[in-house]
Student: 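Sharing a structure with you now.
Bear in mind the structure is a predicted one, so any value in this text is a computation, not a measurement. Chain letters run A, B, ... following the sequence lines, proteins first, then strands; residues in each count from 1.
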Amino acid sequence: MGSIFKSLSVIRNPIKSFVGFIEANISVLKHCSKQRLITEGQVLHGHLYKIGISSHRHVAIKLLIMYLDFRRSSEVDQLLKDYEGFDMIVHNCLISANVDWGNIDEARKLFDEMPERNEVSWTALICGYLKYGRVDESMWLFQRNPFQNVISWTAAISGVLSNGMHSKSIELFLEMLRSGVNPNNVTFVSIIRASTEMGNFSLGMTLLSLAIKLGYEGDVSVCNSLITFSLRLGKMEMACGVFERMGKRDVISWTAILDMYVEMGDLEEARKVFDEMPERNEVSWSVMISRYTQKGYAKEAIRLFRQMIENDIAPNSSCLSSAINALANLKALHSGKNIHAYVMKLGMSNDVFVSSSLVDLYGSCGNTEDGRLVFDNIKNKNVVCWNGMISAYSSNGNLEEAKKLFDQIPMKNIASWNSIVSGFLGNEEYGKVLEVFNDMLLLGQTPDVSTISSVLCACANLTSLHKGKNLHGKTLKLGFQHDVFVNTALVDMYAKSGDIENSKRVFNKMHEKNEVSWTAMIQGLAENGFGEESLEVFEEMEKTSSIKPNELVLLSILFACSHCGLVNKGLYYFNSMEKLYMIKPNERHYTCVVDMLSRSGRVKEAEDLIMSMPCEAEVSAWGALLSGCKTYGEDEIAERVGLKIQEMVEKKSCGYVLLSNVYASSGRWSEVMKTRNLMKERGLKKSGGCSWIEVRNELHLFYSQDGTHMDLNDIYIIEMVVELNCTTPSNLNIKSLCLNYGTQKIPTSTKFGKKGNPRLSLQTRSCLGNGNGGVRSDGIGKRDGVIIVDHGSRRKESNLMLNEFVAMFIAKTGYPIVEPAHMELAKPSIQDAFHACVEKGANRVIVSPFFLFPGRHWHQDIPSLTAEAAKDYPDVSYLITAPLGLHSLLLDVVDDRIKHCLSHIAGDAEECAVCVGTGKCRLH
DNA sequence: CTAGGGTTAG
């Protein structure tokens, strides 16, 4: 508004000259046009009409251009009536307007029907073709242009450049020099941009010397482009030097320097420049606003946006979309609707950028319907708005609609693929992620770091080590080895697949580590039973980085302490969470500590803690406490806990499984049945792991009735498996068998990653991998006749099931077993157990280790210890069943005896290799 | 003796 008043004051002042008066009015009209001040423009039109100068030729043409800009066809028609017959300038205006509207063929028609053309007509049309990528047609016209001047040359140079043809623009420039036309400041601006985009420093310097020779070294625009040139080529000092030497600086010069600080990530210095700038326009505001939004300072972004509006700066589409993005980050639906109304008032609802942000805003607020309305109203949909709508559906769990839309995109880009990939990822449809990824590769689309991180995350959740390793190779080929997101995803993938060695290897090689990287490593170590190392990495993080531990890290630390038996250390961290780390323990942290105390026999303390909780205790906390009572014979506490659980069942309809356990342990079988029936009546499904078996390409899922013990049917199937396996191993058509017992969940559902960054989420996962699809996706289970027994919960009752299975296995095969579940109780060494088995007359031994071997790195110990023990008995064959994802680690100790032993199950030795290893050992 | 065509900051 400020500049309007300035111009108006000229108008109100005594008229010095008529020409000055006209010029002032024209300048105000131009301002209205540029700032889309439709109402103001119309008011001014009325005023000009009243004082009788609206039909002054120059004023009338400006009015025409203004209405053309506003796309007011009735007003345009009205004004055109005043020009009877042919008028070259009006015709040129119409050509330009049609070019602006994208009606290039209409513009050509207007051009062709002109009885007479001038240099402006030619240049306008040539530019029009260049604007829409029709380079050949424009060059055809350019060569036939009878009015070559510096403007048409410059137009051609910059138009060709905008189409990415750098060398062609240089060629044109040289041709221009040869033809005797001298470049002006605008030409230099364009050609310096060419050298900027080519990254050609010496070319830039040559051009600078030519500019100095022709007297343009002091030109503001030329200096501005020199600033950008230096910045893009990494010469900060040169940029500052140019800026400081400038005799006159405009808002563009200041904004360029502002942007330099913003790009350097120095928001404070940028803010200083911003506050000191003598003049700010919508771009300067936009730079600040968008950067505040990107850096996560959404509120500050909105504050600036408000301030800008108060300063009467009309926001452009970039500002608006940044502000809308900020609101989307804040999930501020109400303010979002206000800004939507504002957009409509400004007449900007046709802008694709603004509309895309609005789609995103509604999506972030869970309002996909309104998002879809905006989306459907976008006339010239570009790939960005398609992607936005897909993300909106994806993030709200409507993958069906997202996929439907995805398949309709006319021109998919990498972001389109990424939004559908992260949609499936966020919805935990990991198999779909891999499917889409395959499609993408087949269609020849190269993945980027975001795709790779997402797919790695899917592999991690599928514990699909084989695929993950393949991807690791791909990242190296694509040159992503230094990307922090990709590396973090690799750390997580290896850790979740149980390959902690590789996880550590990647982690230690990382040059840059962020919060998620540290979290993934600490969590990975804790989950895989390397509690002490997990604590070491945590301490390293505290010492060497400025990263504050988050909820998830602390949960992992508590978990690690619990599983290493470091009860006091665990309590120390738990008690200092709020003081030291400003994190309020949530119910998961409490569960962990209750479990830790119960496990170590401090059952009373555990009970006191659970009773003093400020939040609701999780069912599993009560479960942990109850099992502590059982182990340590705390019948009195157990009784109180039982009552509490009963109360919980009555009040909140949860904890049925626990309750039935309470009854079962005291032999009240009728109560057990009652509880189970009650569950059935209420339509409740069990919680906890499910097991599955794939027979003849059909997947059979089964759940135990109460979640801790398997269904009788399970036993039947297992029996069947064993039966089949023993009698006709070669005809066996069982693809894989996966048994899960009482999986203990490590709750880890904090999501990381912001919009625009590769998304990485560490999700809830049991320490075993609930439902272990990984058996299949690993490629291991795909071979007929391979049985993989996945086990390893630390719970004793879980291992009872394993033992039942193994007992049956033994009955059918004659294999005795060394099972660490027994070891934990009796604490024999593997050697002792091995000796004991052989002494009892066994000639085949199965070693079936824990996943979380308490306090031990099982893969370091088990195979070597077993091999050590087996040395004394060369006639005895043995089998080590490896927990999922750790098969590859057994490779080092695979000897012929293991192969022989496995061949008994698998049918032949080559299949065995598949069973114990991954890709590397697949025999050709 | 102007108006209509070419540029730089995001």
Student: With respect to the side chain of A:Val186, which nucleotide from B:dG6, B:dA3, B:dG10 is positioned closest?
Tutor: B:dG6

Student: When we call it a touch if two heavy atoms are under 4.0 Å apart, what does A:Val287 touch: a base, just sugar-phosphate, or nothing?
Tutor: sugar-phosphate

Student: Excluding sequence neighbours, so at least two apart, what forms side-chain hydrogen bond (donor to acceptor under 3.5 Å, both in side chains) with A:Arg249?
Tutor: none

Student: Could you tell me whether A:Arg271 and A:Glu268 have a side-chain N and a carboxylate O separated by less than 4.0 Å?
Tutor: no

Student: Suppose we screen for side chain to side chain contact (heavy atoms under 4.5 Å, CB included). Which residues come up paired with A:Ser290, at least two apart in sequence or across chains?
Tutor: A:Ser322

Student: With respect to the side chain of A:Ala155, which nucleotide from B:dG6, B:dA9, B:dT8 is positioned closest?
Tutor: B:dG6

Student: Base, sugar-phosphate alone, or nothing: which one does A:Glu282 contact when heavy atoms must sit under 4.0 Å apart?
Tutor: nothing

Student: Quickly work out the A:Asn281 CG to B:dT8 C1' distance and round it to whole Å.
Tutor: 12 Å

Student: Please report, rounded to the nearest Å, how far the C1' atom of B:dT8 is from the CZ atom of A:Arg232.
Tutor: 11 Å

Student: Measuring only between side-chain heavy atoms, which start at C-beta, is A:His91 closer than 4.5 Å to A:Glu113?
Tutor: yes

Student: Check A:Lys109 with A:Asp105, please: is the shortest side-chain N to carboxylate O separation under 4.0 Å?
Tutor: no

Student: Could you check how far CG of A:Leu207 sits from P of B:dT8, rounded to whole Å?
Tutor: 15 Å

Student: Mind jotting down which residue pairs meet the side-chain hydrogen bond (donor to acceptor under 3.5 Å, both in side chains) criterion with at least one end in residues 63-81 of chain A? Sequence neighbours excluded, please.
Tutor: A:Ser33-A:Asp69, A:Gln42-A:Glu75, A:His45-A:Tyr67

Student: Any donor-acceptor pair, under 3.5 Å, between the side chain of A:Asp250 and the base of B:dA9, if you only look at N and O atoms?
Tutor: no

Student: According to side-chain hydrogen bond (donor to acceptor under 3.5 Å, both in side chains), does anything in residues 146-165 of chain A pair up with another residue at least two apart or in another chain? List the pairs.
Tutor: A:Gln148-A:Ser152, A:Asn149-A:Ser152, A:Thr154-A:Thr187, A:Ser162-A:Arg193

Student: Atom NE2 of A:His56 and atom C1' of B:dC1: how far apart are they, to the nearest Å?
Tutor: 11 Å

Student: Just compare B:dG5, B:dT8, B:dA9 and give me whichever is closest to any side-chain atom of A:Asp259.
Tutor: B:dA9

Student: Using atom CD1 of A:Ile192 as one end and atom P of B:dA9 as the other, report the distance to the nearest whole Å.
Tutor: 12 Å

Student: Going by the salt bridge (charged side-chain N to carboxylate O under 4.0 Å, His left out) test, which pairs reach into residues 212-234 of chain A, not counting sequence neighbours?
Tutor: none

Student: Rounding to a whole Å, what distance do you find between A:Glu279:CD and B:dT8:C1'?
Tutor: 14 Å

Student: Could you summarise the pairing of DNA chain B as dot-bracket text, marking Watson-Crick and G-U pairs under 3.5 Å with ( ) or [ ] inside the strand and | across strands?
Tutor: ..........

Student: Between B:dT7 atom C1' and A:Ile227 atom CD1, what is the distance in whole Å?
Tutor: 15 Å

Student: Check every atom of B:dG10, B:dG6, B:dA3 against the side chain of A:Ile89 and return the nucleotide holding the closest atom.
Tutor: B:dA3

Student: Once you apply a heavy-atom cut-off of 4.0 Å, does A:Thr228 come out as touching a base, just sugar-phosphate, or nothing?
Tutor: sugar-phosphate

Student: Could you give the CD1-to-P distance, from A:Ile313 to B:dG10, as a whole number of Å?
Tutor: 18 Å

Student: What nucleic acid atoms does A:Ser96 come within less than 4.0 Å of, heavy atoms only: base, sugar-phosphate, or nothing?
Tutor: sugar-phosphate

Student: Does B:dT7 have OP1 or OP2 sitting under 4.0 Å from an N or O in the side chain of A:Ser158?
Tutor: yes

Student: Touch check for A:Ile65, heavy atoms < 4.0 angstrom, all strands: base, sugar-phosphate only, or nothing?
Tutor: sugar-phosphate

Student: With a 4.0 Å cut-off on heavy atoms, is A:Arg193 in touch with a base, just the backbone sugar-phosphate, or nothing at all?
Tutor: sugar-phosphate

Student: Applying a 4.0 Å non-hydrogen cut-off, can you work out what A:Asn185 is touching in the nucleic acid: base, sugar-phosphate, or nothing?
Tutor: nothing

